[in-house]
Amino acid sequence: MTAVAVPAPVRPRRSGPRDGAVVALSRVLAGAAVVAGVGVLPWLSQRSPELAVLRARSAEQEATPAALASIRAELGLDAGPWVVVGRWLSGVATGDLGTSWASGAPVLGSVLSGLGVSLTLVGFALVVAALVAAVLVVPALRRGVRGARAGTAGARARPAPR
């Protein structure tokens, strides 16, 4: 008889509260990186951010140096992209999402109305998914209640030949 080495059983790693904190922190940092990246896009595109704001507010208004300087001063764009994004993030931390460049209305109201629409859509999608799952599962449940054995598509375990 030959001795066969049997590997030791691998114990599953248990997750603790520290793992949850690491995941939460990584998600917050990833979200902040995405927001910062989007915030600096006008500067990265080598286009004038104040011109983009002017076009969003009124496509017909001429882009005079005085109009662009007014928008630059109003929004504090002279400070640079990182300062602008930092100011916005500090406002977010206090619950102020800022004001829309185009309409001048608070952004929080628009976000909440969009969130309401999104949550309604998610709710209906969950209902449809539950109905589809029920339609797919009911036949198998009926067979199980009646005691019928379902065939398996996978391989069955058999003892190894000696």
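- With a 4.5 Å cut-off on side-chain heavy atoms, V84 and W43 count as touching.
- When the side-chain contact (heavy atoms from CB on, under 4.5 Å) test is applied to A67, the partners found at least two apart in sequence or on another chain are Q61, T64.
- Its side chain outside the 4.5 Å cluster rule for every partner, F124 clusters with none of the Ile, Leu, Val, Met, Phe, Trp and Tyr residues.
- By the rule that hydrophobic residues join a cluster once side-chain heavy atoms approach within less than 4.5 Å of another member, V111 and V35 end up as members of one cluster.
- No single ILVMFWY cluster, assembled from side-chain heavy atoms under 4.5 Å apart, contains both L41 and L54.
- Residues in residues 68-97 take part in these salt bridge (charged side-chain N to carboxylate O under 4.0 Å, His left out) pairs, two or more places apart or across chains: E50-R72, R57-E74, R72-D78.
- Screening residues 110-126 for side-chain hydrogen bond (donor to acceptor under 3.5 Å, both in side chains) gives no qualifying pairs among residues at least two apart or on separate chains.
- For the side-chain contact (heavy atoms from CB on, under 4.5 Å) test, residues two or more places apart in sequence or in another chain that qualify with L108 are L97, L112.
- With sequence neighbours left out, the side-chain contact (heavy atoms from CB on, under 4.5 Å) criterion links W82 to A36, V40.
- Take V132 and apply the side-chain contact (heavy atoms from CB on, under 4.5 Å) test, not counting sequence neighbours, and it matches V128, L136.
- Grouped by direct or indirect side-chain proximity (heavy atoms under 4.5 Å, Ile/Leu/Val/Met/Phe/Trp/Tyr only), V117 sits alone.
- Residues V85 and L77 do not share a hydrophobic cluster, clusters being chains of Ile/Leu/Val/Met/Phe/Trp/Tyr side chains in contact below 4.5 Å.
- Other residues sharing the hydrophobic cluster of V23, ordered by chain and number and joined by side-chain separations under 4.5 Å: none, the residue standing alone.
- Grouped with L121 in a hydrophobic cluster is no other residue, since no side-chain heavy-atom contact under 4.5 Å to another Ile, Leu, Val, Met, Phe, Trp or Tyr is found.
- Between L29 and L25 there is a side-chain heavy-atom pair separated by less than 4.5 Å.
- Taking the side-chain hydrogen bond (donor to acceptor under 3.5 Å, both in side chains) definition, one finds that S100 meets it with S103, sequence neighbours left out.
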Would you check, one step at a time, whether the test side-chain contact (heavy atoms from CB on, under 4.5 Å) holds for I71 with L75? CA-CA 6 Å; I71 291 173; L75 300 176; 3.9 Å; yes
